[in-house]
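Everything below concerns the one structure shown next.
All ligand and atom numbering here is 1-based and tracks the order in the structure. Just so it is clear, the structure is predicted and the values come from calculations on it, not from any experiment.
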Amino acid sequence: MLISLVVPCYNEEEAMPLFYREASRVAAEMKQSHGADFEFIFVDDGSRDKTLQVARRLHSADPRVRYVSFSRNFGKEAGIYAGLKAARGDYVATMDADLQDPPALLPQMLDALLSGDWDCAATRRTTRKGEPPVRSWFAHKFYQIINRMSDTEIVDGARDFRLMNRRMTDAVLQLAEYNRFSKGIFSWVGFRTKWFDYENVERVAGKTKWNFWSLFKYSIEGIVGFSTAPLVFAALVGVIFCFAAFCGIIFVAVRALMFGDPTSGWPSMICILLLCSGVQLFCLGIVGEYLSKTYLEVKHRPIYIAQETEADQDARSRG
Ligand code: UDP
Ligand code: MG
């Protein structure tokens, strides 16, 4: 039985050796308890620090370590996809390099899959300790909104830390879309998922790669990727405005017939004009958001471009 650990890494030179140490410790335990072999797949997402050098070093010291290095930064979602594609394991786990996803949970997660009742063991954090309160508030709101709009359930607090069997991994790989929102993809493919709760752990080294703006863009990605409700909303707003305008026309016509037509109401007309064109542009923007995603999708660009893998290193050292 082989277990692959897929670890997307962007500027994680400090965290990677710590991750490797902790993961190897758990791997040795699980070799004893479950007879499981491991491979570690580090995906260097176009890092600007020594992440690639660290991966090379780990590979030459331990052949269980494999890596894929991207030609530039393609984002965590692309990293996960590349790692899943490279994984050869019967069971595949995705986890962060910063030890915020504790490898010590893996034995329990594997037990769940081995029982035959579950295809996937996923994790969810119960607290957001150590996170700015504003960020937590927006995160909760995002989950509320997306779950109301989308048929795909997106679990609040879910991490990208999961262990999946081969069948589910292959299903996820079948969704080779360019705009990837993993939380949605994992949920969309279905399968029986067991949830494990744990308290938030702070990262061991390095800093978070997310800021408010990137999280905001990511949330829009999630909504556009897994719901068409905003399009319906745009159409609905159009219908409501038409109705209001219709009522307005009747009111104005009746008033003109009864009381004549003094030329007043100029400021209110400007306001209405501004409101209507604002709403129009807003709705056009929604449509544009879907159009741009569609545009990127139909170009069929690759999700990532690899510039080096551990196979290249082996070929080099063979001469
Ligand atoms: N990551 C990545 N590419 C990126 C940004 C992040 O591969 O463009 C990786 C990062 O190295 C880490 C994981 O994604 O292993 C989660 O990132 P981070 O810890 O910064 O996010 P947070 O835990 O704060 O949500
Ligand atoms: Mg983290």
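- By the criterion of a heavy-atom distance under 4.0 Å, the side chain of Glu12, and not its backbone, is placed next to ligand 1.
- For atom 18 (P) of ligand 1, the nearest protein heavy atom (residue, atom name, distance) is Arg203 NH2, 3.4 Å.
- Close approach of ligand 1 to Gln100 is summarised as follows: ligand atoms under 4.0 Å from at least one heavy atom of the residue are 19 (O), 22 (P), 23 (O).
- Ligand-side atoms of ligand 1 in range of Asp45: 2 (C), 3 (N), 4 (C), 7 (O), 8 (O), range being under 4.0 angstrom from any heavy atom.
- Atoms of ligand 1 found under 4.0 Å from any heavy atom of Lys209 (numbered from 1 in listed order, with element): 5 (C), 6 (C), 20 (O).
- Interface of Asp98 with ligand 1, defined as ligand atoms under 4.0 Å from a residue heavy atom, comprises 19 (O), 23 (O).
- Looking at Cys9 against ligand 1, only its backbone comes within 4.0 Å, counting heavy atoms.
- More than 12 heavy atoms of other residues, nucleotides or ligands shown are found within 6.0 angstrom of CG on Asp156.
- Under a 4.0 Å criterion applied to the non-hydrogen atoms of Gly75, ligand 1 contributes the atoms 3 (N), 8 (O).
- In summary, of the residues considered (Glu77, His300, Glu297), a side chain to side chain contact (heavy atoms under 4.5 Å, CB included) with Tyr178 occurs for Glu297 alone.
- A side chain to side chain contact (heavy atoms under 4.5 Å, CB included) with Phe40 is found for one member of Ile3, Val6, Val65 and no other, namely Val65.
- For atom 7 (O) of ligand 1, the closest non-hydrogen atom on the protein side is Pro8 CB, 3.4 Å.
- Closest heavy-atom approach to atom 24 (O) of ligand 1 within the set Val43, Asp44, Thr208: this belongs to Thr208.
- Around the NZ atom of Lys293, the shell of radius 6.0 Å holds more than 12 heavy atoms that belong to other residues, nucleotides or ligands.
- Residue contacts with ligand 1, taken as heavy atom pairs separated by less than 4.0 Å, involve Asp96 via backbone and side-chain atoms alike.
- Between Phe181 and Tyr218, the ring planes lie tilted relative to each other; the angle falls in the 30° to 60° range.
- The salt bridge (charged side-chain N to carboxylate O under 4.0 Å, His left out) test with Glu310 singles out one residue from Arg66, Arg316, Arg56, and that residue is Arg66.
- In summary, an N, O or S atom of Gln100 is located under 2.8 Å from the Mg ion (ligand 2).
- For Arg192, the CZ atom sits in a packed shell: over 12 heavy atoms of surrounding residues, nucleotides or ligands are nearer than 6.0 Å.
- Within 6.0 Å of NZ on Lys209 lie more than 12 heavy atoms contributed by other residues, nucleotides or ligands.
- Using a 4.0 Å cut-off between heavy atoms, Asn73 contacts ligand 1 through its side chain alone, with no backbone atom that close.
- Annotation: atom 1 (N) of ligand 1 to nearest protein heavy atom, Tyr10 CB, 3.8 Å.
- The cationic group of Arg72 lies under 6.0 Å from the six-membered ring centre of Phe74 and within 45° of the ring axis, placing it in a cation-pi geometry.
- In Phe282, the CZ atom is not crowded: 12 or fewer heavy atoms of neighbouring residues, nucleotides or ligands sit closer than 6.0 Å.
- Regarding atom 14 (O) of ligand 1, its nearest protein heavy-atom neighbour is Lys76 CD, 3.3 Å.
- In terms of protein heavy-atom proximity, atom 17 (O) of ligand 1 is nearest to Trp210 NE1, 4.0 Å.
- Closest N/O/S atom of Asp98 to the Mg ion (ligand 2): OD2.
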Stepwise side-chain hydrogen bond (donor to acceptor under 3.5 Å, both in side chains) check, Thr51 with Glu12: CA-CA 6 Å; Thr51 298; Glu12 300 283 9; over 6 Å; no
